[in-house]
**Student:** 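Take this structure first; my questions come after.
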Amino acid sequence: MKLWSMPSSGNSYKVRLLLGLLGRDCNIIDVEYLTEALDRAKASGRLPFGKAPVLELDDGRLLPESNAILCWLGEGSTFVPSDPFTRAKMLSWMFWEQNQHEGTVAVRAALLNYPHRRAQATPERMAALLDQGHAHLAIMESRLSAHDWLVGDAVSLADICLYGYTHTAGSRGGFDMARFPAINLWLGRVAALPGYRGIGK
Ligand SMILES: N[C@@H](CCC(=O)N[C@@H](CS)C(=O)NCC(=O)O)C(=O)O
């Protein structure tokens, strides 16, 4: 198996994290922004949607979209709840991560940290992203104030998925994480899981 993976990206990192937690071997190919490796991967057709991550199976099949990859790798593991409703709730968080949380928490960090995005970081946009991102983090805080994990009573793909960008929301995105004590405790629970690896590993 090969993972076409962007080292700096939370979407790629969440897949690397699950691979570590599952103890699965995978050949990780780095395709960072503004590198020839990314251009080559696109030109080779390995990134069907033009984005990383993409999982390339041993038989050559390609699976794009980070959360689809999590579902594929997590199939049959304890990271996918056996109860159908809990499993569907896990997917609710994962869809929400892509269509709400990423659009504020990850985008603000991208505008601050990627030189090729800085021109889009107008003061108005950054202020709006800060407010909207805090509102999204407050939704997670509300759940985690009363529960250890985002769904059910055990860690699931929802936690791995949302950890990807939430754990750097303060350091990269400039969000005020002191407002979210339950999220901070949850971040610690994820980081204590056996097989955990950090974004730089
Ligand atoms: N919805 C996709 C988003 C993937 C995505 O936006 N990847 C970015 C890095 S975070 C990328 O590869 N960008 C390369 C480019 O736009 O040239 C997923 O979750 O996998």
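Both ligands and their constituent atoms are indexed starting at 1 by order of listing.
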**Student:** Which bit of Met6 gets closer than 4.0 Å to ligand 1, counting heavy atoms only: side chain, backbone, both or neither?
**Tutor:** side chain

**Student:** State if Asn67 counts as touching ligand 1 under the rule of any non-hydrogen atom under 4.0 Å.
**Tutor:** no

**Student:** Regarding Trp186 and Asp148, do their side chains bring together a donor and an acceptor under 3.5 Å, going by distance alone?
**Tutor:** no

**Student:** May I ask you to check whether Ser8 and Tyr13 show a side-chain donor-acceptor distance below 3.5 Å?
**Tutor:**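 On atom types as modelled, these side chains do not qualify, holding no pair under 3.5 Å.
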
**Student:** So if I count the atoms of ligand 1 from 1 in the order they appear, which ones are less than 4.0 Å from some heavy atom of Pro53?
**Tutor:** 20 (O)

**Student:** Is any N or O atom of Glu65, backbone or side chain, closer than 3.5 Å to an N or O atom of ligand 1?
**Tutor:**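 Yes.
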
**Student:** I'd like to know if Phe49 contacts ligand 1, where contact means a heavy-atom distance under 4.0 Å to any ligand atom.
**Tutor:**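 No, Phe49 has no heavy atoms under 4.0 Å from ligand 1.
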
**Student:** Just checking, any donor-acceptor pair under 3.5 angstrom between side chains of Arg87 and Ser82?
**Tutor:**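 No donor-acceptor contact under 3.5 Å links the two side chains.
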
**Student:** For ligand 1, which atoms sit closer than 4.0 Å to a heavy atom of Lys42?
**Tutor:**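 Listed by number with element: 15 (C), 17 (O).
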
**Student:** Does the distance from a Lys or Arg side-chain N to an Asp or Glu carboxylate O, for Glu97 and Lys14, drop under 4.0 Å?
**Tutor:** yes

**Student:** Going through the checks in order, is the side chain to side chain contact (heavy atoms under 4.5 Å, CB included) test met by Asn113 and Arg118?
**Tutor:** CA-CA 8 Å; Asn113 291 282; Arg118 271 197 206 125; 5.8 Å; no

**Student:** Begin with the C-alpha distance, continue with both residues' side-chain angles, and end with the deciding distance and a verdict on ring pair (Phe, Tyr, Trp, His ring centres under 6.0 Å) for His101 and Trp93.
**Tutor:** CA-CA 10 Å; His101 179 281; Trp93 280 107; 9.1 Å; no

**Student:** Can you name the atoms of ligand 1, numbered from 1 with element, that are less than 4.0 Å from a heavy atom of Tyr165?
**Tutor:** 10 (S)

**Student:** Mind checking whether Tyr33 has an N or O less than 3.5 Å away from an N or O of ligand 1?
**Tutor:** yes

**Student:** Would you mind finding which of Ser5, Ala52, Ser66, Gly10 brings a heavy atom closest to atom 5 (C) of ligand 1?
**Tutor:** Ala52

**Student:** Run the numbers for me: atoms of ligand 1, each under 4.0 Å from some heavy atom of Gln98, listed by number.
**Tutor:**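 Contacts of ligand 1 toward Gln98, numbered from 1: 1 (N), 2 (C), 18 (C), 19 (O).
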
**Student:** Tell me, do Arg16 and Cys26 make a side-chain contact under 4.5 Å, heavy atoms counted?
**Tutor:**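 When only atoms from C-beta onward are counted, Cys26 and Arg16 do not touch, as no gap falls below 4.5 Å.
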
